[in-house]
Amino acid sequence: MAVRKIIRMGHPTLRQVAQPVDPKIVGSTAFSRLVDDMVDTLHDYGGVGLAAPQINESIRLAVIEVPGGPTRYGEVPRLPLTVFINPEVRVLDEKPNGVWEGCLSVPGLRGYVERPSGIRVDALNLKGEPQRLELKGFLATVLQHEFDHLDGKLYIDRLADPRQLMFEEEFLRHHADQPHST
Ligand code: NI
């Protein structure tokens, strides 16, 4: 078990375009250890997704786990722990889906972001095999948020209205009846 430190907004790595993972290293001990560390870190910090640049590893790798289940906003779909290596996204449905997003690298804040509501993702899995997923709504938002990290982008770059960025405490006090991540 190794929980890594999550770097925060202002660290230059979060603004770099991450390098593709060489498929030949997938399955190596060092790579498996890195993925294990990311999962441990995700669980320790309590998020739904973590991209490698957030632990200062500038490679195109993300782990996502959405527990799902009923919430006050309705049923949130589940995505079991999934590893995405070199993900490529294709938009299937441009219709915007709005979510109040948060980010472990931008702690304590929430911002309202609209993203395409349907996507297809092609990536390698932990065995180095191609995997394809099609996702809608909340899960499509979570994946696009994580994959943005691989391009040096943060959700705050995508606010349509800068007034819709706020401290989490105030968000929960005044706006928590709207769909939000975690
Ligand atoms: Ni994030």
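Each ligand, and each atom within it, is numbered from 1 in the order the structure gives.
- Minimum heavy-atom separation, Gly152 to Asp157: O-OD2, 4.5 Å.
- Judged by distance alone, with hydrogens and angles left aside, the side-chain atoms of Ser117 form a donor-acceptor pair with the main-chain N or O of Lys95 at under 3.5 Å.
- We find the CD-CG distance between Gln144 and Leu135 to be 9.5 Å, quoted to the nearest 0.5 Å.
- For the pairing with Arg4, the salt bridge (Lys or Arg N to Asp or Glu O under 4.0 Å) check across Asp36, Asp37, Asp40 returns one residue only, Asp37.
- In terms of heavy atoms, Pro116 sits closest to Val91 at CB-CG1, 3.7 Å.
- For the Ni ion (ligand 1), the neighbouring protein N/O/S atoms at less than 2.8 Å, given as residue and atom, are Cys103 SG, His145 NE2, His149 NE2.
- Of the residues listed (Val39, Leu42, Thr82), the one engaging Glu65 in a side-chain contact (heavy atoms from CB on, under 4.5 Å) is Leu42, and it is the only one.
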